[in-house]
Number of protein chains: 2
Amino acid sequence: MFRTFGETDVAEREFDARRARAGIPEATVARLPLYHRVLVGLADDGVSTVSSDALAATAGVSPAKLRKDLSFLGSYGTRGVGYDVRHLLTEIGLELGITLEWPVVVVGVGHLGHALANYGGFTSRGFRLAALVDSDPSRHGEVVSGVKVRPAADLAELVRDEQVVIGVIATPSEAAQEVADALVAAGVRSILNFAPVVLSVPSEVEVRKVDLASELQILAFHEQRKSAPHLIPPAVGGVGS
Amino acid sequence: MFRTFGETDVAEREFDARRARAGIPEATVARLPLYHRVLVGLADDGVSTVSSDALAATAGVSPAKLRKDLSFLGSYGTRGVGYDVRHLLTEIGLELGITLEWPVVVVGVGHLGHALANYGGFTSRGFRLAALVDSDPSRHGEVVSGVKVRPAADLAELVRDEQVVIGVIATPSEAAQEVADALVAAGVRSILNFAPVVLSVPSEVEVRKVDLASELQILAFHEQRKSAPHLIPPAVGGVGS
DNA sequence: AAGTGTGAATTGATTCACAGCC
DNA sequence: GGCTGTGAATCAATTCACACTT
């Protein structure tokens, strides 16, 4: 961090910018979509400036955490004033790649697939439902949310033609690994998996999972602690039974 | 915390057991459902003993993490051998309260509500679909997964009669806060929220959320970094526009 | 020899608290 | 006076590495 010559200014700024962008902690990245959503709401309400306290309260996080998070993106606030809603929105949007339109393929057009296809936030947040795929021939040709359901065999072609990089697995568990393999083979590098199975994919492919049963079980665990910690059978060797 | 007399042994063991159970880190709790699911699979395959390495590989976590996680529950493994699948399954099940049957109410019977109601893991993992509620009169009386859809006005009564403590919000965003208020008023203390809004609830109510758009945006963020970090417009004051 | 259980070390996330700027 | 930005401190999670048990 030696700042000796004026000419290093540009190189330094470039370096700083890259570092700032490269080094965003995972926990922060995971909250950016939340901030983005809340800011969209504020903008819609005509709010033009917001303090970290107010924004944090609306997003349900602590003000310190919010400020720290935003500081990783850059210094987009004004001391004594707050953040410009529109500006911050733009910056977070850039960071999340919302300016682009990511084509997404959804595999599995059961109830969940329908729910996903019809999900409004889907199209309004930088994603485009590029293709719907299902292995059940009776569904082929059906149009959901303006997109025709295609056979699984067409997956590779669809991914190529639409330049899909994100795939969503909304099939039954049994089919999930097979679908993941097909997605990877087709060139998809990010997968959102709704099936309750552990997928095995090459390390360069990123998988995120949404698991209803796990979420419920986590709630149940806490519920159990809250309601009657002393009622839990000890289950330690020797006692009971 | 004085340990002066031999007679404190029993009290100490009790204390240790409670402490072990009370002090399970959140990150560990969040993985227990995963371990449970993987173990069920192993048990179904007739596997009776498993090492931390094998179990970790199947669950997609590091062996050290797995062992540390399990150590919070107690010492249920055998050195030089591994873990008894059935025993470990029982212990994790107890910890998660899977031995009980938690009645759950799902509010909102659109595609997502249908998907949830028909989700197999739901009933097979310690939960019971106790009630389905929707505000749309045209859906009332419809039977989904063996449960009749009831009007929103019946919520309080259903929660009381079925002793529901967990509620799932599968409504459009606009209705989510209203539904949350109704659930809380009815006595529900744990909520799983699929609507992309920040719910405000009393502090004693636990909310977990599942947000499709956020998950996709997190994937998109990483995708953007992977593919072309240098193509990101700087967007730092002065440049462009 | 194999493999768990766990202190110690490390890495990451959150919170504190206040200097700096408007 | 108000509010951001951020080092420093704290707290939590993960990984290391090895003593201990079978």
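Within every chain, numbering begins at 1; the chains are lettered A, B, ... in the order of the sequence lines, protein sequences first and strands thereafter.
If you measure from atom CG of Leu66(B) to atom P of dT6(C), you get 14 Å, rounded to the nearest angstrom. Distance Glu91(B) CD to dG5(C) P: 12 Å, rounded to the nearest Å. Residue Leu88(A) contributes atom CG, which lies 15 Å from atom C1' of dC3(D) at whole-angstrom precision. Rounding to whole angstrom units, CG of residue Leu73(A) and C1' of dT6(D) are separated by 14 Å. In this structure, Phe72(A) atom CZ and dT14(C) atom P are separated by 9 Å, rounded to whole Å. Spacing between atom CD1 of Ile24(A) and atom P of dG12(C) amounts to 15 Å, rounded to whole angstrom units. What separates CZ of Arg67(A) from C1' of dG20(C) is a distance of 13 Å, to the nearest Å. To the nearest angstrom, P of dT22(D) lies 16 Å from CG of Asp84(B).
Contact annotation: the side chain of Glu206(A) never approaches that of Arg189(A) to less than 4.5 Å [non-hydrogen atoms, C-beta and beyond].
For Lys65(B), whose side chain is taken as the heavy atoms from C-beta onward, the closest listed nucleotide among dT6(C), dC22(C), dT14(D) is dT14(D). Of the candidate nucleotides dA13(C), dT14(D), dC18(D), dA13(C) has the atom nearest to the side chain of Ala27(A). Of the candidates dG7(D), dG5(C), dT15(D), the closest approach to any side-chain atom of Lys68(A) belongs to dG7(D).
The residue Ser62(A) sits close only to the backbone: its heavy atoms come under 4.0 Å of sugar-phosphate atoms, none of a base.
For dT4(C), the OP1/OP2 oxygens have a side-chain nitrogen or oxygen of Ser52(B) closer than 4.0 Å. The side chain of Tyr83(B) places an N or O atom within less than 4.0 Å of a non-bridging phosphate oxygen (OP1 or OP2) of dG5(C).
The closest side-chain donor-acceptor pair between His222(A) and Glu26(B) falls under 3.5 angstrom.
With hydrogens and angles ignored, a donor-acceptor pair under 3.5 angstrom links the side chain of Arg79(A) to the base of dT4(D).
If you find the closest nucleotide of DNA chain C to Leu70(B) and to Arg31(A), the one lying nearer the 5' end belongs to Leu70(B).
Within a 6.0 Å radius of CD in Glu178(A), no more than 12 heavy atoms belonging to other residues, nucleotides or ligands are found.
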**Asked** When you look at Thr49(B) and Asp84(B), which way does the side chain to side chain donor-acceptor pair (under 3.5 Å) test go after all the steps?
**Response** CA-CA 5 Å; Thr49(B) 299; Asp84(B) 181 82; 4.8 Å; no

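Residue Ser190(B) is tested with Val207(B), Val164(B), Ile166(B) for a side-chain contact (heavy atoms from CB on, under 4.5 Å); the sole match is Ile166(B).
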